[in-house]
Amino acid sequence: QVQLVESGGGLVQAGGSLRLSCAASGRTFSSSAMGWFRQAPGKEREFVAATRWSGGNTYYADSGKGRFTISGDNVKNTVYLQLNSLKPEDTAVYYCAATATYYSGSFTYTTLGGYNYWGQGTQVTVSS
C-alpha cells in the first residue's frame with residue numbers, strides 16, 4: 001500500500017506564502033508524476049499543479065500561474081508546492097496525488113482520474 005502524507009498547511013494573511021510538502025511511503029513505488037489538487041468548501045476538487053518526472057514537465061492551473069511553483073524529487077517520491085502571493089480565494093484543503101502510469105500528452109496529468117494515490121489533505125487558510 002502506498003501512502004501520501006502532506007504537511008505545511010496553515011493560516012496565513014493575504015499576500016503571504018506557504019510551502020506544502022508531500023512524501024510517499026509504503027511499498028516500493030515508482031511514480032511517473034505527482035501533483036496537487038485543492039477543494040474549497042462547497043466546491044469540487046480542482047487541479048492546481050503537477051510535475052511529470054520524465055522530461056521535467058510542470059503544469060499549472062491558470063489560478064496559480066506566476067504564484068505557485070511545484071518541485072520535487074522523483075527518487076524520493078517527494079513533491080513540494082510553493083504558494084506565494086496567497087489570496088483568500090486560495091483557501092482550501094490541498095491534496096497531494098501520485099500516479100505510476102505514463103500518459104501521452106499533458107491533459108490527463110491535470111485531471112482527478114489521472115492519479116491513483118491520494119493524500120489526506122492539508123488545510124490552507126488565507127485571511128484577508
Side-chain angles (χ1 to χ4, degrees):
Q1 189 73 4
V2 176
Q3 293 89 34
L4 302 181
V5 179
E6 305 100 332
S7 61
L11 173 64
V12 64
Q13 290 187 330
S17 298
L18 284 173
R19 187 183 191 226
L20 308 183
S21 300
C22 173
S25 63
R27 66 170 175 83
T28 302
F29 172 64
S30 179
S31 62
S32 66
M34 295 183 74
W36 291 92
F37 290 73
R38 68 185 184 185
Q39 188 165 17
K43 295 187 177 181
E44 295 185 350
R45 193 172 299 189
E46 64 178 9
F47 170 72
V48 176
T51 181
R52 185 169 63 174
W53 303 127
S54 175
N57 301 88
T58 56
Y59 313 107
Y60 295 94
D62 288 343
S63 59
K65 284 181 180 178
R67 301 188 298 126
F68 300 169
T69 303
I70 189 169
S71 62
D73 183 330
N74 64 312
V75 175
K76 297 180 179 179
N77 280 320
T78 301
V79 67
Y80 308 98
L81 186 66
Q82 180 67 42
L83 306 170
N84 295 330
S85 302
L86 283 162
K87 306 174 183 178
E89 51 264 44
D90 294 319
T91 296
V93 177
Y94 284 70
Y95 295 91
C96 174
T99 181
T101 304
Y102 288 86
Y103 304 110
S104 60
S106 61
F107 176 73
T108 307
Y109 292 109
T110 69
T111 65
L112 295 172
Y115 296 87
N116 312 96
Y117 305 100
W118 293 86
Q120 293 299 307
T122 184
Q123 177 71 46
V124 171
T125 303
V126 184
S127 63
S128 56

> With the threshold set at 4.0 Å, does a side-chain nitrogen-carboxylate oxygen contact exist between Lys65 and Asp62?
Replying inline: yes
> Got a donor-acceptor contact below 3.5 angstrom from the Ser32 side chain to the Thr99 backbone?
Replying inline: yes
> Is there a side-chain contact between Thr51 and Val79 (heavy atoms, below 4.5 Å)?
Replying inline: yes
> Heavy-atom distance under 4.5 Å between the side chains of Val126 and Glu89, does that happen here?
Replying inline: no
> Hey, quick one: are Val93 and Tyr117 part of the same hydrophobic cluster, counting side-chain heavy atoms closer than 4.5 Å, chains of contacts allowed?
Replying inline: no
>> Once salt bridge (Lys or Arg N to Asp or Glu O under 4.0 Å) is applied, do any residues pair with Arg19, and if so which ones, sequence neighbours excluded?
In response: none
> When you measure from the side chain of Arg67 to the backbone N and O of Ser85, does any donor-acceptor pair fall under 3.5 Å?
Replying inline: yes
> Between Thr91 and Gln123, what is the shortest heavy-atom contact and its length?
Replying inline: CG2-NE2, 4.0 Å
> Out of curiosity, Phe47 CZ to Phe107 CZ, how far, rounded to the nearest 0.5 Å?
Replying inline: 10.5 Å
> Quick check, are the ring centers of Tyr115 and Phe37 under 6.0 angstrom apart?
Replying inline: yes
> To the nearest 0.5 Å, how far apart are CD in Gln1 and OG in Ser25?
Replying inline: 10.0 Å
>> Could you report the tightest heavy-atom contact between Phe68 and Leu86, atom names first, then the distance?
In response: CE2-CD2, 4.0 Å
> Got a second to check how far Leu4's CG is from Thr78's OG1, nearest 0.5 Å?
Replying inline: 10.0 Å
>> Ignoring hydrogens, what is the shortest heavy-atom contact between Ala14 and Ser128? Give both atom names and the distance.
In response: CB-CA, 4.4 Å
> With side chains defined as the heavy atoms from C-beta onward, is the minimum distance between Thr108 and Thr101 less than 4.5 Å?
Replying inline: no
> Is Gln120 reaching over with its side chain to a backbone N or O of Glu6, donor-acceptor style, under 3.5 angstrom?
Replying inline: no
>> Lys43: which residues meet the salt bridge (Lys or Arg N to Asp or Glu O under 4.0 Å) condition with it, sequence neighbours left out?
In response: none
>> Could you report the tightest heavy-atom contact between Tyr80 and Gly72, atom names first, then the distance?
In response: CD1-CA, 4.1 Å
> Under a 4.5 Å side-chain heavy-atom rule over Ile, Leu, Val, Met, Phe, Trp and Tyr, are Leu112 and Tyr95 clustered together?
Replying inline: yes
> What about Val12 and Tyr94, same hydrophobic cluster or not, with Ile/Leu/Val/Met/Phe/Trp/Tyr joined at side-chain heavy-atom distances under 4.5 Å?
Replying inline: yes
> How close do Ala92 and Arg38 get, heavy atom to heavy atom, and via which atoms?
Replying inline: CB-CB, 3.8 Å
> Would you say Leu20 and Trp118 are hydrophobically clustered, going by side-chain heavy atoms of ILVMFWY under 4.5 Å?
Replying inline: no
>> Measuring only between side-chain heavy atoms, which start at C-beta, is Ile70 closer than 4.5 Å to Met34?
In response: no
> So among Asn77, Asn116, Asn74, which one has a side-chain hydrogen bond (donor to acceptor under 3.5 Å, both in side chains) with Ser31?
Replying inline: Asn77
>> I'd like to know if the side chain of Arg52 and the backbone of Gly105 have a donor-acceptor N/O pair within less than 3.5 Å.
In response: yes
> Of all heavy-atom pairs between Gly9 and Thr122, which one has the smallest distance, and what is that distance?
Replying inline: N-OG1, 3.2 Å
> Are Trp36 and Tyr60 connected in the hydrophobic side-chain network, where two residues link if heavy atoms are under 4.5 Å apart?
Replying inline: yes
> Centroid-to-centroid, Tyr109 to Tyr103, below 6.0 Å?
Replying inline: yes
